[in-house]
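Here is the structure we will look at, set down as structure tokens.
In this chain, residues are counted from 1 in sequence order.
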Amino acid sequence: MNTVFIAGHSRLPSGMAAKNIYDTLTITAEIDKKYGVIVTAGCTLATEHGRGFVQYLLKGHSLQDGIDVPTKLIKEHYLGKAGNALVSALKDLYKQYEQCKMKETLE
């Protein structure tokens, strides 16, 4: 298999629909081992539209290049209450990715 599955987590702000279902927001990503490219992504936002939008923003980015570009895209284009939680979950996902690289799981 040429991909790995990684998840990043963060706390949700109060007053969100997803907060009634989950205490945390999770971003998951299937990532190409060789190039670090996000093949597909998902998250625990309450609406299918929101989940699809986050996937649209993240898909195709290489984590080998860091997360500055996808973070900027989230900040500029996702204007809902979960914006900061999405950025935090992405940072946690990236941290997990870096730890996998250090363990040589991705090579």
Side-chain angles (χ1 to χ4, degrees):
M1 185 169 227
N2 297 326
T3 60
V4 292
F5 184 87
I6 300 177
H9 308 279
S10 68
R11 289 205 174 274
L12 279 168
S14 60
M16 290 195 58
K19 182 78 170 165
N20 295 330
I21 302 167
Y22 310 106
D23 285 328
T24 60
L25 183 132
T26 301
I27 292 179
T28 58
E30 181 180 357
I31 301 166
D32 176 82
K33 287 182 182 181
K34 186 173 183 178
Y35 300 106
V37 173
I38 298 173
V39 176
T40 188
C43 68
T44 55
L45 289 174
T47 65
E48 184 178 333
H49 191 201
R51 294 187 300 269
F53 190 73
V54 170
Q55 176 173 306
Y56 173 76
L57 292 176
L58 299 178
K59 186 175 178 179
H61 289 282
S62 174
L63 296 180
Q64 290 180 3
D65 297 331
I67 57 168
D68 290 343
V69 172
T71 297
K72 183 178 177 186
L73 288 172
I74 290 171
K75 288 179 178 179
E76 289 179 358
H77 298 283
Y78 183 90
L79 304 179
K81 285 186 176 183
N84 288 336
L86 285 167
V87 169
S88 293
L90 180 60
K91 287 178 181 178
D92 186 53
L93 183 141
Y94 183 69
K95 179 177 150 189
Q96 302 304 319
Y97 170 77
E98 289 290 304
Q99 288 176 354
C100 287
K101 273 183 33 180
M102 287 175 44
K103 291 179 185 176
E104 299 184 19
T105 305
L106 298 178
E107 296 179 353

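Residues passing the side-chain hydrogen bond (donor to acceptor under 3.5 Å, both in side chains) test with Thr47: none are found, sequence neighbours excluded. Partners of Glu30 by side-chain hydrogen bond (donor to acceptor under 3.5 Å, both in side chains), not counting sequence neighbours, listed by chain and number: Thr3. In this structure Ser62 satisfies the side-chain hydrogen bond (donor to acceptor under 3.5 Å, both in side chains) test with no other residue, sequence neighbours excluded. Applying the side-chain contact (heavy atoms from CB on, under 4.5 Å) test to Thr28 and every residue at least two apart in sequence or in another chain returns Phe5, Ala7, Thr26.
Note: Arg11 CZ to Asn84 CG = 15.0 Å, rounded to the nearest 0.5 Å. Rounded to the nearest 0.5 Å, atoms OH (Tyr97) and CG (Leu90) are 12.5 Å apart. Interatomic distance, Gln64 CD to Ile31 CD1, rounded to the nearest 0.5 Å: 10.5 Å. Distance CG/Leu58 to OG1/Thr71: 9.0 Å, rounded to 0.5 Å. Atoms OG1 and CD, on Thr40 and Gln55 in that order, are 3.5 Å from each other to the nearest 0.5 Å.
Ala85 approaches Leu25 most closely through the heavy-atom pair O-CD2, 4.0 Å. Ala29 and Ile38 get closest at one heavy-atom pair: CB-CG2, 4.1 Å. Shortest non-hydrogen contact noted between Asp92 and Gly8 is OD2-CA, 3.3 Å. Across all non-hydrogen atoms, the minimal contact from Leu93 to Ile6 is CD1-O, 3.6 Å.
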Passes side-chain contact (heavy atoms from CB on, under 4.5 Å), Asn2 versus Lys34? Steps please. CA-CA 8 Å; Asn2 297 326; Lys34 186 173 183 178; over 6 Å; no
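Side-chain contact between Leu73 and His61 is present, with at least one heavy-atom pair separated by less than 4.5 Å.
With respect to the salt-bridge test (charged N to carboxylate O, under 4.0 angstrom), the residues Glu98 and Lys95 do not qualify.
Applying the salt bridge (Lys or Arg N to Asp or Glu O under 4.0 Å) rule to pairs touching residues 48-75 yields Lys72-Glu76, sequence neighbours excluded.
Applying the 4.5 Å side-chain rule to ILVMFWY residues, one finds Tyr35 in the same cluster as Val37.
Connection of Tyr94 to Val39 is not established within any shared hydrophobic cluster, with ILVMFWY side chains joined at heavy-atom distances below 4.5 Å, either directly or through further cluster members.
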